[in-house]
Amino acid sequence: MSDSNPAPSLYAAREPIFPRRVSGPFRNLKWYIMAVTLGIYYLTPWIRWDRGPSLPDQAVLLDLANRRFYFFWIEIWPHEFYFVAGLLIMAGLGLFLFTSALGRVWCGYACPQTVWTDLFILVERWIEGDRNARLRLHRQKKLDFRKARLRITKWAAWFLIGLATGGAWVFYFADAPTLAYDLVTLNAHPIAYSTMLVLTATTFLFGGFAREQICIYACPWPRIQAAMMDEDTLTVGYRDWRGEPRGKLKKGQVAEGQGDCIDCMACVNVCPMGIDIRDGQQMECITCALCIDACDDVMAKIGKPRGLIDYMALSDEAQERAGKPPRNIWKHILRPRTLMYTGLWSLVGVGLLFALFIRADIELTVAPERNPTYVTLSDGSIRNTYDVRLRNKHGEERPFQLSIKGDAAMRIALEGTEGVTVMVPADTALLQRVYIVAPKDAAPSSAGSTPVRIWVEDLSSGERAHKDTSFNGKGS
């Protein structure tokens with residue numbers, strides 16, 4: 001091919017999307033969800049929760065320095081990470097459940113990318129005007145004072161939102177009032193500033209410029225969702241058997257052989273993904289249902305029934321084409337697949353609650369010393385050494401008493417104290433070195449070992465816990 005006729009490019013420059021403002025039940029639902037989710041994100045770090053003098057008073061706190069996760073009255077220790085794993089499994093099953101029932105409803109209503117993009121578009125509309133005004137401003141080649149002023153104002157508002165987003169995130173990892181003061185006085189740790197900078201930049205770019213590109217190219221969920229959906233999944237669709245053929249129509253007019261769709265492009269103009277739902281199901285569709293609100297508004301103006309674009313299932317198409325009513329919505333939602341996901345989700349949740357309520361407030365782990373496995377003392381007795389980690393999950397210091405169950409001739413001793421009681425500080429795991437000594441005549445043979453159970457008792461409450469280990473030694 002000659003240079004005068006270059007090959008066409010496989011890539012096209014992104015054309016920004018400027019969704020038109022729309023009102024209706026689905027748009028209102030998105031406003032409510034946006035307000036609730038943003039309110040939870042920004043305000044949660046400031047909720048106080050009294051845990052006593054020795055513990056932090058922040059209701060939700062991921063304390064990396066002390067390796068704790070606090071959630072109101074719940075405290076998760078590092079060895080209890082299975083609670084976090086269980087919550088992640090529940091989140092995954094919940095996503096599968098909602099997708100199998102209602103398609104990409106998570107993407108359309110509660111995904112952070114969607115929520116912050118909605119917020120950025122709202123700010124953009126307040127500053128630059130609705131869709132047509134923003135389009136004119138975008139197509140204006142000359143950068144005059146008005147365009148520069150609107151752009152700078154919009155970007156400044158976006159930057160403040162991004163800064164608040166990054167700031168709210170770091171407050172989850174330290175006491176919020178203290179960290180806020182340190183940030184303002186420039187005394188905070190550099191990691192706090194760098195984290196805020198990264199999150200401010202990503203929020204600014206993703207919500208202000210990338211928008212639908214994140215959903216289409218960066219997010220893997222559009223390519224996975226098909227495995228979660230079937231012919232009974234409710235998703236946004238266009239009733240082409242009712243809408244086609246398209247044609248212009250005004251209220252009160254009757255056009256023979258013409259469908260209800262008047263090709264007004266309202267459904268396209270409100271779509272944040274810039275697609276035409278009338279072309280059928282598309283990977284880019286996030287089922288936000290704004291096109292339903294726009295179409296229903298147009299149908300009301302021309303005197304046609306709503307529902308030309310609606311939540312519907314693929315299995316409804318054959319019935320409706322035959323003139324039969326669609327199946328009840330609950331028959332689509334309550335079917336074997338969704339019931340299976342609900343059962344699994346509930347099973348994991350009940351298991352986590354059960355584990356949460358039965359867990360002890362005192363725990364211990366025992367690690368025998370391996371080098372050497374035993375020591376022969378001057379009187380011929382055998383001593384084994386153990387590192388015992390005592391966990392006190394209470395909010396105050398507690399006395400823990402250790403004892404052993406096994407050979408009656410064996411005795412226990414603690415390093416650093418004459419007795420068998422040690423004070424364990426509040427909400428702390430204390431590493432205590434423990435010695436178990438067997439008299440010469442009672443020492444086990446080198447051919448094996450003697451099982452030993454180490455007990456710990458909280459003398460304040462009477463709670464007990466134990467761990468089994470073994471005593472190694474040699475004969476006389």
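For the atom pair Phe120 CZ and Phe209 CZ, the distance stands at 9.0 Å (nearest 0.5 Å). Here the straight-line distance linking atom OG1 of Thr287 with atom CD1 of Ile277 works out to 9.0 Å at 0.5 Å rounding. Atom CG of Leu88 and atom OH of Tyr82 lie 15.0 Å apart (nearest 0.5 Å). Summarising the geometry, atom CZ belonging to Arg239 is positioned 5.0 Å from atom CE belonging to Met312; distances are rounded to the nearest 0.5 Å. Interatomic distance, Leu197 CG to Thr202 OG1, rounded to the nearest 0.5 Å: 9.5 Å.
Dense packing is recorded around CZ of Phe204, with more than 12 heavy atoms of other residues, nucleotides or ligands lying under 6.0 Å away. Other residues, nucleotides and ligands contribute at most 12 non-hydrogen atoms within 6.0 Å of the OH atom of Tyr181.
Sequence neighbours left out, the pairs with a member in residues 337-359 that pass side chain to side chain donor-acceptor pair (under 3.5 Å) are Glu80-Arg359. Applying the side chain to side chain donor-acceptor pair (under 3.5 Å) test to every pair with at least one member in residues 15-27, sequence neighbours left out, gives these pairs: Arg27-Asp118. Listed by first and then second residue, the side chain to side chain donor-acceptor pair (under 3.5 Å) pairs involving residues 155-165 are Tyr42-Thr165, Trp116-Thr165 (not counting sequence neighbours). Sorted by first then second residue, the ring pair (Phe, Tyr, Trp, His ring centres under 6.0 Å) pairs that include residues 292-338, not counting sequence neighbours, are Phe26-Tyr311. Pairs passing the salt bridge (charged side-chain N to carboxylate O under 4.0 Å, His left out) check and including a residue from residues 189-198, sequence neighbours excluded, do not occur.
For Trp49, the ring pair (Phe, Tyr, Trp, His ring centres under 6.0 Å) test picks out Phe72, with sequence neighbours left out.
Panel note: side chain Arg51, backbone Gln58; a donor-acceptor pair is recorded below 3.5 Å. At least one donor-acceptor pair closer than 3.5 Å links the side chain of Asp230 to the backbone N or O of Thr233. One N or O on the side chain of Thr428 and one on the backbone of Ala426 form a donor-acceptor pair closer than 3.5 Å. Between the side chain of Lys154 and the backbone N or O of Val123, no donor-acceptor pair lies under 3.5 Å.
Between Arg278 and Asp276 there is a salt bridge, since a side-chain N of the basic residue sits under 4.0 Å from a carboxylate O of the acidic one. With respect to the salt-bridge test (charged N to carboxylate O, under 4.0 angstrom), the residues Arg327 and Asp232 qualify. With respect to Glu320 and Arg242, no salt bridge is recorded, no charged nitrogen being found less than 4.0 Å from a carboxylate O. By the 4.0 Å N-to-carboxylate-O rule, Glu128 lies close enough to Arg151 to be salt-bridged with it.
Between Asp458 and His394, some side-chain heavy-atom pair lies under the 4.5 Å cut-off.
Minimum interatomic distance between Ala192 and Val170 (heavy atoms only, all atoms of both residues): O-CG1, 3.9 Å.
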Q: Before giving the answer on side chain to side chain contact (heavy atoms under 4.5 Å, CB included), spell out for Leu95 and Met228 the whole-Å C-alpha distance, their side-chain angles and the decisive distance to 0.1 Å.
A: CA-CA 9 Å; Leu95 187 59; Met228 302 293 110; over 6 Å; no

